[in-house]
Amino acid sequence: MQYLVSVIDDKTGSATPAEMAAINAYNDRLQAEGHWVFAGGLASPEAATVIDNRDGEAMFTDGPFLESKEYMAGFWIIEAPDLDAALKLAADGSKRCNRKVEVRPFLGE
């Protein structure tokens, strides 16, 4: 199964050099153990554009869909045999990046 592990923070690109080294080591571990699918950091919500094309002409709105103090600052998509394994991997990711994380399974798996 695949899981989205969202990194929750109140700023973007805030990792210290030590945190980045730990994140890189964690990424290497995920790849070596076959859990890695994809990962990335995200720009701040102010860089977002919301698009609504449900009723005729598309409407484009600058800024985030929701205003929040904390937001998804990055993510991993991982492979794990079950939720318990995904939670253990995510707990290590939280420790490595020194941030809260949220784990959500993809539908249809």
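All values below were derived from every heavy atom in this structure, side-chain atoms included, with hydrogens, water molecules and symmetry-related copies excluded. We're numbering straight along the sequence, starting at 1.
Note: Glu19 CD to Asn24 CG = 12.0 Å, rounded to the nearest 0.5 Å. Once rounded to the nearest 0.5 Å, the distance linking NZ of Lys11 with CD of Glu70 reads 9.5 Å. Expressed to the nearest 0.5 Å, how far CD1 of Ile78 lies from CZ of Phe106 amounts to 10.0 Å. Distance check, rounded to the nearest 0.5 Å: CG of Asn27 to SG of Cys97 gives 10.0 Å. Taking CD1 of Ile23 as the reference point, atom CG of Asn98 lies at 9.0 Å (rounded to 0.5 Å). We find the CD1-OH distance between Ile8 and Tyr71 to be 10.5 Å, quoted to the nearest 0.5 Å.
Between the side chain of Tyr3 and the backbone N or O of Leu83 there is at least one donor-acceptor pair closer than 3.5 Å. In this structure a side-chain-to-backbone donor-acceptor pair under 3.5 Å is missing from Ser6 to Val101.
By the neighbour-count criterion of 12 heavy atoms within 6.0 Å, atom CG of Asp55 is sparsely surrounded, having that number or fewer from other residues, nucleotides or ligands.
Clustering ILVMFWY residues whenever any of their side-chain heavy atoms sit less than 4.5 angstrom apart, transitively, puts Val5 in the very cluster that holds Met1. Linking Ile, Leu, Val, Met, Phe, Trp and Tyr residues whenever their side-chain heavy atoms come within less than 4.5 Å places Phe75 and Val37 in a single cluster.
When every heavy atom of Leu89 is checked against every heavy atom of Glu79, the shortest pair comes out as CD1-O, 4.3 Å. Closest approach of Ser94 to Lys100, counting heavy atoms only: OG-CA, 4.3 Å. Residues Asp9 and Ala73 approach most closely at CB-CB, 3.9 Å, considering heavy atoms.
The salt bridge (Lys or Arg N to Asp or Glu O under 4.0 Å) test with Asp92 singles out one residue from Lys95, Arg96, Lys88, and that residue is Arg96.
Looking only at side-chain heavy atoms (C-beta outward), Met72 and Glu102 stay at 4.5 Å or farther from each other. Between Val7 and Trp76 there is a side-chain heavy-atom pair separated by less than 4.5 Å.
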